[in-house]
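Data first, discussion second: the structure below is written as structure tokens.
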2 protein chains.
Amino acid sequence: MSKNCRFAVAVHTCTLLGMSDGQPLTSDWIAGSVNTNPVVIRRLLSVLAKAGLVTSIRGSNGGSVLARLPQAITLLDIQQAVDDDTEPALHNQPPNQKCPVGRGIQPVLRQVIDRAEAAREAVLSTTLLAEVIAAIKSGG
Amino acid sequence: MSKNCRFAVAVHTCTLLGMSDGQPLTSDWIAGSVNTNPVVIRRLLSVLAKAGLVTSIRGSNGGSVLARLPQAITLLDIQQAVDDDTEPALHNQPPNQKCPVGRGIQPVLRQVIDRAEAAREAVLSTTLLAEVIAAIKSGG
DNA sequence: GCTCCATGTAATGGTAGTAATTACAGTTAC
DNA sequence: GTAACTGTAATTACTACCATTACATGGAGC
């Protein structure tokens with residue numbers, strides 16, 4: 001119980017949905033595979049639904065299905081859906097504006113961090129959910 | 001007081017040291033520019049010293065100096081020094097091994113996350129502390 | 001209608017990570 | 001010896017996250 005594992009759980013969940021042949025899966029069932037509480041899954045599915053990645057069906061015989069084909073979902077889509085990407089972590093308190101470094105450091109840092117983050121996201125954007133599913137199928 | 005701002009403070013600190021022409025700077029002075037408590041700076045300097053990036057001089061007229069030229073310090077060096085890069089955040093609890101997805105998801109995820117992280121670090125490794133200093137000097 | 005079986009969501013508790021601060025021991029120049 | 005530093009432990013406060021309970025809502029099937 002330490003770090004943010006929403007991305008991992010979200011990919012896990014989408015993989016399950018992508019392998020169910022359109023059959024709706026319940027949060028209970030998914031939670032059994034992820035090994036967590038169904039409410040955690042429901043909250044996650046709610047976020048994924050807001051991002052247009054899944055659709056939930058209420059009522060008896062309900063559950064969730066993918067809203068798009070696995071070929072049309074990138075891991076970046078999933079990451080951006082579940083990680084509220086607030087500002088990158090810079091200083092908590094604004095640095096001393098009387099110091100040239102304190103005045104100039106933040107824009108420079110932001111630019112570098114943004115470039116680094118863009119490189120990371122580029123990799124995620126070229127990985128499709130369909131590829132994850134294929135890897136699971138071939139690996140098992 | 002929320003997120004991890006050690007990287008930002010560390011770059012800020014190294015920038016100050018790199019602009020001081022070899023003059024040792026005290027944690028009090030650095031804290032004044034960063035706008036935080038001197039103890040926070042001393043803890044950070046201690047970590048940077050362990051990574052071989054700075055050297056601290058104890059006693060009166062003491063302080064800290066860079067242990068290498070700014071041209072020989074990348075932002076990746078700083079990042080790796082201050083961020084204990086433990087395992088990437090996957091599931092908290094191991095997923096259900098009886099499920100094919102639960103069994104196979106973690107290696108697949110780890111591979112993708114590692115590739116994405118490598119791309120991010122590649123950008124940081126090509127940015128030198130000297131460039132940050134140059135940007136500050138030209139920007140102010 | 002009623003009854004299940006689901007989702008949706010609020011509220012709570014526990015754990016962990018981080019920053020800020022106080023306090024004090026160790027070290028060095030003068 | 002004293003003053004000016006670093007090094008580090010201990011404490012407090014705050015935030016983020018996950019797990020869990022509880023309950024309202026919605027829909028299928030009788």
Side-chain angles (χ1 to χ4, degrees), chain A residues 1-10 12-13 17 20 23-32 34-51 53-65 67 82-96, chain B residues 1-10 12-13 17 20 23-32 34-51 54-65 67 82-95:
Chain A
M1 305 112 178
S2 55
K3 307 185 78 171
N4 182 333
C5 63
R6 271 177 301 194
F7 177 61
V9 174
H12 187 150
T13 298
L17 296 180
S20 82
Q23 176 76 17
L25 303 183
T26 69
S27 61
D28 254 66
W29 198 93
I30 297 170
V34 173
N35 194 15
T36 185
N37 193 289
V39 175
V40 172
I41 300 296
R42 273 181 252 158
R43 265 195 301 251
L44 188 67
L45 284 167
S46 163
V47 171
L48 293 172
K50 283 194 185 94
L53 299 180
V54 308
T55 305
S56 290
I57 305 155
R58 305 186 63 161
S60 191
N61 292 333
S64 296
V65 293
V82 300
D83 281 5
D84 10 329
D85 52 345
T86 54
E87 296 282 285
L90 296 183
H91 301 60
N92 282 338
Q93 311 286 120
N96 185 345
Chain B
M1 305 108 175
S2 56
K3 307 187 75 171
N4 182 334
C5 62
R6 272 176 301 194
F7 178 61
V9 175
H12 188 151
T13 298
L17 297 179
S20 82
Q23 176 78 17
L25 303 182
T26 70
S27 61
D28 254 65
W29 198 92
I30 297 169
V34 174
N35 194 15
T36 184
N37 194 288
V39 176
V40 172
I41 300 296
R42 274 181 249 156
R43 264 195 300 251
L44 188 66
L45 284 167
S46 162
V47 172
L48 293 172
K50 285 196 184 91
V54 310
T55 305
S56 289
I57 305 155
R58 305 185 62 158
S60 189
N61 293 334
S64 297
V65 293
V82 300
D83 280 5
D84 11 327
D85 51 345
T86 55
E87 295 283 286
L90 295 184
H91 301 60
N92 282 339
Q93 310 287 121

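Hydrogens, waters and symmetry mates are skipped; everything else that's a heavy atom, side chains included, is used. Residue numbers begin at 1 in each chain, while the letters A, B, ... track the order of the sequences.
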Report the distance from atom CD of A/Gln93 to atom C1' of C/dT21, rounded to the nearest whole Å. 13 Å
Tell me: CH2 of B/Trp29 to C1' of D/dT6, nearest whole Å? 18 Å
So how far is it from A/Leu25 CG to A/Ile57 CD1, rounded to the nearest 0.5 Å? 10.0 Å
Would you mind classifying the nucleic acid contact of B/Ser64 as base, sugar-phosphate or nothing, using non-hydrogen atoms under 4.0 angstrom? nothing
Could you state the CG-C1' distance from B/Asn35 to C/dT21, rounded to the nearest angstrom? 15 Å
What's the CG-C1' distance between A/Leu90 and C/dT18, to the nearest Å? 16 Å
Gap between atoms CG and C1', on B/Leu25 and D/dT6 respectively (whole Å): 14 Å
Pairs under 3.5 Å (N/O, protein and nucleotides 1-5 of chain C):
{"unit_1": "C/dC5", "atom_1": "O2", "unit_2": "A/Ser60", "atom_2": "N", "d": "3.4"}

Write down the distance between CG (B/Asn92) and C1' (C/dG14), rounded to a whole number of angstrom. 13 Å
Could you check B/Thr55, B/Leu45, B/Val65 and say which one makes a side-chain contact (heavy atoms from CB on, under 4.5 Å) with B/Leu17? B/Leu45
For the student: nearest non-hydrogen atoms of B/Ala10 and B/Val82, plus distance: CB-CG1, 3.8 Å
Taking the minimum atom-to-atom distance to the side chain of A/Ser56, which one of C/dA20, C/dT7, C/dA23 wins? C/dT7
Within the structure shown, what part of the strands sits under 4.0 Å from B/Ser27 by heavy-atom distance: base, sugar-phosphate, or nothing? sugar-phosphate
Mind listing the closest non-hydrogen atom pair of B/Leu90 and A/Cys5 along with its distance? O-CB, 2.7 Å
Measure the spacing between CG of A/Asn96 and NE2 of A/His91 and express it to the nearest 0.5 Å. 10.5 Å
Within residues 40-51 of chain A, which residues have any heavy atom lying less than 4.0 Å from an atom of DNA chain C? A/Arg42, A/Arg43, A/Ser46
Return the CG to CG distance between A/Asn92 and B/Asn4, rounded to the nearest 0.5 Å. 9.0 Å
B/Asp28 CG to C/dT21 P, straight-line distance once rounded to whole Å: 13 Å
Quick one: B/Asn37 CG to D/dG7 C1', roughly how many Å, whole number? 14 Å
To the nearest 0.5 Å, atom OG of A/Ser64 lies from atom CG of A/Leu53 at 12.0 Å
B/Arg58 side chain near C/dG26 phosphate (N/O to OP1/OP2, under 4.0 Å): no
Please round to the nearest 0.5 Å and tell me the distance separating atom CG of B/Leu48 and atom CZ of B/Arg6. 11.0 Å
Ranking C/dT22, D/dC18, C/dA19 by distance to the side chain of A/Asn4, first place goes to D/dC18
Taking only distance into account, with no hydrogens and no angle test, what donor-acceptor pairs under 3.5 Å do side-chain atoms of residues 36-44 of chain A form with protein atoms, sequence neighbours excluded?
{"unit_1": "A/Asn37", "atom_1": "OD1", "unit_2": "A/Val39", "atom_2": "N", "d": "2.9"}
{"unit_1": "A/Arg42", "atom_1": "NE", "unit_2": "A/Ser27", "atom_2": "OG", "d": "3.1"}

